[in-house]
2 protein chains.
Amino acid sequence: MSKAVIIRLSKYKNIIKRFKKLGFVKVFSDNIAEAIGGTSAQVRKDFSLFGISGNKRGGYIIENLLEKISEILGKDSLQKAIVVGIGHIGGALVNYKGFENENIKIVAGFDIDPARYKNEKNVRIYPIEQLKDFVKKENIKLGIICVPDIAAQQILELMISAGIRGVLNFAPILLRGNDTVVINNVNLALELENIIYFINVQDKEMQSS
Amino acid sequence: MSKAVIIRLSKYKNIIKRFKKLGFVKVFSDNIAEAIGGTSAQVRKDFSLFGISGNKRGGYIIENLLEKISEILGKDSLQKAIVVGIGHIGGALVNYKGFENENIKIVAGFDIDPARYKNEKNVRIYPIEQLKDFVKKENIKLGIICVPDIAAQQILELMISAGIRGVLNFAPILLRGNDTVVINNVNLALELENIIYFINVQDKEMQSS
DNA sequence: GGCCTAATGTGAATTTTATCACAAAAAGCT
DNA sequence: AGCTTTTTGTGATAAAATTCACATTAGGCC
Ligand SMILES: NC(=O)c1ccc[n+]([C@@H]2O[C@H](COP(=O)([O-])OP(=O)(O)OC[C@H]3O[C@@H](n4cnc5c(N)ncnc54)[C@H](O)[C@@H]3O)[C@@H](O)[C@H]2O)c1
Ligand SMILES: NC(=O)c1ccc[n+]([C@@H]2O[C@H](COP(=O)([O-])OP(=O)(O)OC[C@H]3O[C@@H](n4cnc5c(N)ncnc54)[C@H](O)[C@@H]3O)[C@@H](O)[C@H]2O)c1
């Protein structure tokens with residue numbers, strides 16, 4: 001199943017949750033599409049792909065939908081994560097409360113710099129040397145890399161050796177993993193460049209019309 | 001031109017710059033592909049799409065390549081950006097030095113909370129009321145939204161009314177723009193859920209083999 | 001109960017994206 | 001100078017993703 005479909009499923013889940021909070025019991029593919037900025041056909045196709053079905057004319061029962069989607073996404077249980085590199089970005093993440101809505105909890109931070117070992121509000125920060133033990137003992141599967149690019153590959157390897165299975169990487173370099181680990185990258189400079197390009201395209205289109 | 005191609009072009013540019021720093025004068029499509037984790041055919045196809053050509057058997061002259069790509073990406077000149085919401089994420093961004101390599105400079109921050117108006121190391125933080133004037137006077141085209149989700153749509157509208165043309169949004173909601181503005185979203189919870197899904201898929205595959 | 005309408009579910013068609021594969025050109029060697 | 005090798009550039013092909021379009025079914029109404 002492609003990454004894009006799964007991202008859409010997560011989006012569906014989020015907005016369906018919002019509908020639920022508003023007191024709705026049913027939704028239509030139209031409602032969902034509108035709310036995430038897609039088409040109803042795609043919503044239905046995606047659902048069909050995962051064997052999720054609703055009621056002709058009656059739409060989908062929110063309760064059922066959420067259950068099915070959560071099952072697919074594997075988010076029934078709380079997912080624990082760690083952050084390595086408690087600088088600007090890492091610090092923002094360990095203090096962020098929004099992940100808990102999604103059943104994700106950052107349980108520890110790690111850094112090489114002793115000045116970081118003070119506890120953040122809720123999350124304890126440990127020396128990097130303790131990562132491996134901690135991850136093994138707590139059976140952590142998810143790691144977030146917020147160290148400078150120069151250190152990122154080395155941290156990835158440490159994580160892999162500790163048994164981490166999924167990584168979100170903020171360092172602007174290509175990490176070399178292996179087939180035991182899935183890596184997603186967040187590259188903000190790339191996002192900005194992309195926006196700049198499309199602004200320029202728009203400008204040119206306007207000039208020529 | 002699709003977003004994905006442009007993202008690849010940016011990646012090409014970044015690694016070509018790195019080759020240049022290492023003293024290389026030429027590169028081959030193979031080298032580039034290897035470095036960004038793609039195929040050489042795709043590198044060449046992408047180049048061909050933009051009319052970038054090299055020398056049969058001789059590869060590409062780095063100097064030419066960089067010039068051509070920068071021209072396409074519209075990054076010859078410095079791009080000024082502003083950040084709204086100088087909390088955890090916004091604070092990280094205004095203190096980040098890495099964007100300057102990419103010819104992007106965050107020139108100001110804006111917040112609703114007077115406690116934020118102290119200057120960050122290099123970037124001044126202004127009351128949100130001053131955004132419109134500032135953006136118009138300085139002719140800013142690029143805005144980054146780091147406010148809580150509840151405030152994000154309103155900030156987007158303020159940005160649009162001030163003349164901002166491209167937005168990077170960290171709030172986990174769908175923003176409604178118009179055709180004068182291009183919006184990219186960074187949704188970290190979504191990224192994490194995605195990773196969790198693929199970890200689970202891997203697990204199931206292993207069990208069944 | 002029969003009719004009408006509004007929704008789903010999904011094959012088929014289309015569009016988009018990526019890969020193949022190979023002719024053509026250039027560099028180097030003898 | 002001719003032969004060999006390497007690498008580009010790109011049509012052709014394949015694969016993936018999206019949209020279309022419509023048969024099907026269920027709810028509501030008279
Ligand atoms: N801050 C931003 O806005 C921003 C934007 C885009 C990308 N990034 C990227 O995100 C990453 C983090 O950026 P930041 O601004 O938070 O950096 P930072 O310098 O504020 O923090 C980095 C942290 O990593 C720690 N560290 C360094 N080497 C380590 C190691 N080997 N093991 C453990 N910890 C180590 C440092 O002690 C520090 O606390 C960088 O790769 C950066 O390029 C940051
Ligand atoms: N911090 C994270 O790790 C993280 C992770 C994922 C998503 N996000 C998202 O990024 C956004 C920012 O998160 P954060 O943790 O930096 O939040 P934060 O609470 O630390 O900062 C938000 C800032 O926005 C300012 N603000 C609020 N309303 C405003 C308004 N109307 N105009 C101007 N300024 C206003 C506040 O004064 C504050 O300084 C949120 O939407 C959050 O959901 C953050």
Side-chain angles (χ1 to χ4, degrees), chain A residues 1-13 15-16 19 24-69 72 174 182 190 194 197-198 201, chain B residues 1-13 15-16 19 24-69 72 174 182 190 194 197-198 201:
Chain A
M1 223 43 83
S2 86
K3 182 171 153 153
V5 190
I6 302 304
I7 294 260
R8 281 202 301 274
L9 261 199
S10 289
K11 289 187 185 174
Y12 300 158
K13 194 200 58 188
I15 79 98
I16 293 164
F19 281 127
F24 288 85
V25 170
K26 306 192 301 187
V27 275
F28 300 122
S29 54
D30 263 359
N31 307 145
I32 300 173
E34 219 274 322
I36 73 147
T39 69
S40 63
Q42 184 159 59
V43 173
R44 295 199 301 278
K45 189 93 194 183
D46 286 344
F47 285 176
S48 135
L49 214 64
F50 288 100
I52 296 175
S53 62
N55 314 294
K56 294 224 155 85
R57 171 125 199 195
Y60 303 83
I61 307 290
I62 284 184
E63 208 50 55
N64 294 173
L65 255 188
L66 283 178
E67 200 177 327
K68 284 261 180 67
I69 297 179
I72 292 161
L174 178 72
V182 15
L190 230 50
N194 194 253
Y197 173 81
F198 285 105
V201 168
Chain B
M1 225 40 86
S2 86
K3 184 171 152 152
V5 190
I6 302 303
I7 293 260
R8 282 203 301 274
L9 261 199
S10 289
K11 288 186 186 174
Y12 299 158
K13 193 200 59 189
I15 81 98
I16 293 165
F19 282 126
F24 289 86
V25 169
K26 305 191 301 185
V27 275
F28 301 123
S29 54
D30 261 0
N31 306 146
I32 300 173
E34 220 274 321
I36 74 148
T39 70
S40 64
Q42 184 158 58
V43 173
R44 294 198 301 278
K45 190 97 198 181
D46 286 345
F47 285 175
S48 135
L49 215 63
F50 288 99
I52 296 176
S53 61
N55 314 292
K56 296 227 155 91
R57 173 129 196 190
Y60 302 83
I61 308 291
I62 285 184
E63 209 51 55
N64 296 172
L65 255 189
L66 283 179
E67 199 177 329
K68 283 261 179 68
I69 297 179
I72 293 161
L174 177 72
V182 16
L190 230 50
N194 195 252
Y197 174 81
F198 285 104
V201 169

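Convention: sequence-line order gives letters A, B, ...; per-chain numbering from 1.
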Engineer: Give the intermediate values and the outcome of side-chain contact (heavy atoms from CB on, under 4.5 Å) for residues A:Leu66 and A:Lys13.
Structural biologist: CA-CA 6 Å; A:Leu66 283 178; A:Lys13 194 200 58 188; 3.9 Å; yes
Engineer: Nucleotides 11-13 of chain C: which of its N/O atoms have a protein N/O under 3.5 Å away?
Structural biologist:
residue : atom : partner : partner atom : Å
C:dG11  : N7   : A:Lys45 : NZ           : 3.1
C:dG11  : O6   : A:Lys45 : NZ           : 3.4
C:dA12  : N6   : A:Lys45 : NZ           : 3.4

Engineer: Side-chain atoms of residues 33-55 of chain A: list all donor-acceptor pairs with protein atoms under 3.5 Å, sequence neighbours left out, distances to 0.1 Å.
Structural biologist:
residue : atom : partner : partner atom : Å
A:Thr39 : OG1  : A:Gln42 : N            : 3.2
A:Ser40 : OG   : A:Asp30 : OD1          : 3.4
A:Ser40 : OG   : A:Arg44 : NH1          : 3.4
A:Arg44 : NH1  : A:Ser29 : OG           : 3.2
A:Asp46 : OD1  : A:Arg8  : NH2          : 3.0
A:Asp46 : OD2  : A:Arg8  : NE           : 2.7
A:Asp46 : OD2  : A:Arg8  : NH2          : 3.3
A:Asp46 : OD2  : A:Tyr12 : OH           : 2.6
A:Asn55 : ND2  : A:Gly59 : O            : 3.3

Engineer: Under 4.0 Å from any atom of DNA chain D, heavy atoms only: list the residues of residues 25-41 of chain A that qualify, in numerical order.
Structural biologist: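 Nucleic-acid contacts, sorted: A:Thr39.
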Engineer: Under the ring pair (Phe, Tyr, Trp, His ring centres under 6.0 Å) rule, what pairs show up with a residue in residues 24-45 of chain B, not counting sequence neighbours?
Structural biologist: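 Listed by first then second residue: B:Phe19-B:Phe24.
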Engineer: Would you give the length of the straight line joining atom CD1 of A:Ile15 to atom CG of B:Leu174, rounded to the nearest 0.5 angstrom?
Structural biologist: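 Spacing of CD1 (A:Ile15) from CG (B:Leu174) equals 10.0 Å.
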Engineer: Given atom CD of A:Gln42 and atom P of C:dT10, what is their separation to the nearest angstrom?
Structural biologist: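 The distance from CD of A:Gln42 to P of C:dT10 comes to 16 Å, rounded to the nearest Å.
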Engineer: To the nearest 0.5 Å, what is the distance between CD1 (A:Ile32) and CD1 (A:Ile16)?
Structural biologist: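 Answer for the CD1-CD1 pair, A:Ile32 versus A:Ile16, is 4.0 Å.
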Engineer: List the steps and the verdict of side-chain contact (heavy atoms from CB on, under 4.5 Å) for B:Tyr197 and A:Met1.
Structural biologist: CA-CA 10 Å; B:Tyr197 174 81; A:Met1 223 43 83; 3.7 Å; yes
Engineer: Specify the separation, in whole Å, of atom CG of B:Asp46 and atom P of C:dT19.
Structural biologist: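 Between P of C:dT19 and CG of B:Asp46: 10 Å.
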Engineer: If I take atom CD1 from residue A:Ile7 and atom CG from residue B:Asn194, how far apart are they, to the nearest 0.5 angstrom?
Structural biologist: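 Result: 4.0 Å between the selected atoms.
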Engineer: Indicate yes or no: at least one non-hydrogen side-chain atom of A:Lys11 is less than 4.5 angstrom from one of B:Leu190.
Structural biologist: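 A side-chain contact under 4.5 Å exists here.
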Engineer: Can you tell if the side chain of A:Ile6 reaches within under 4.5 Å of the side chain of B:Phe198, non-hydrogen atoms only?
Structural biologist: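 They are in contact (side-chain heavy atoms under 4.5 Å apart), so the answer is yes.
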Engineer: Between CD1 of A:Ile61 and CG of A:Leu65, what distance do you get to the nearest 0.5 Å?
Structural biologist: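 If I round to the nearest 0.5 Å, the distance is 8.5 Å.
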Engineer: Would you kindly give the CE-to-C1' distance between B:Met1 and C:dT16, to the nearest whole Å?
Structural biologist: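 So the two atoms are 13 Å apart, to the nearest Å.
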Engineer: Extract, from 5' to 3' on DNA chain D, the first and final nucleotides lying under 4.0 angstrom from some heavy atom of chain A.
Structural biologist: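 Contact boundaries, 5' end first: D:dA17 to D:dG27.
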Engineer: Where along residues 49-69 of chain A does a heavy atom fall under 4.0 Å from DNA chain D?
Structural biologist: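 The answer is A:Lys56, A:Arg57.
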Engineer: In whole angstrom, what separates B:Phe47's CZ from C:dT19's P?
Structural biologist: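 Between P of C:dT19 and CZ of B:Phe47: 16 Å.
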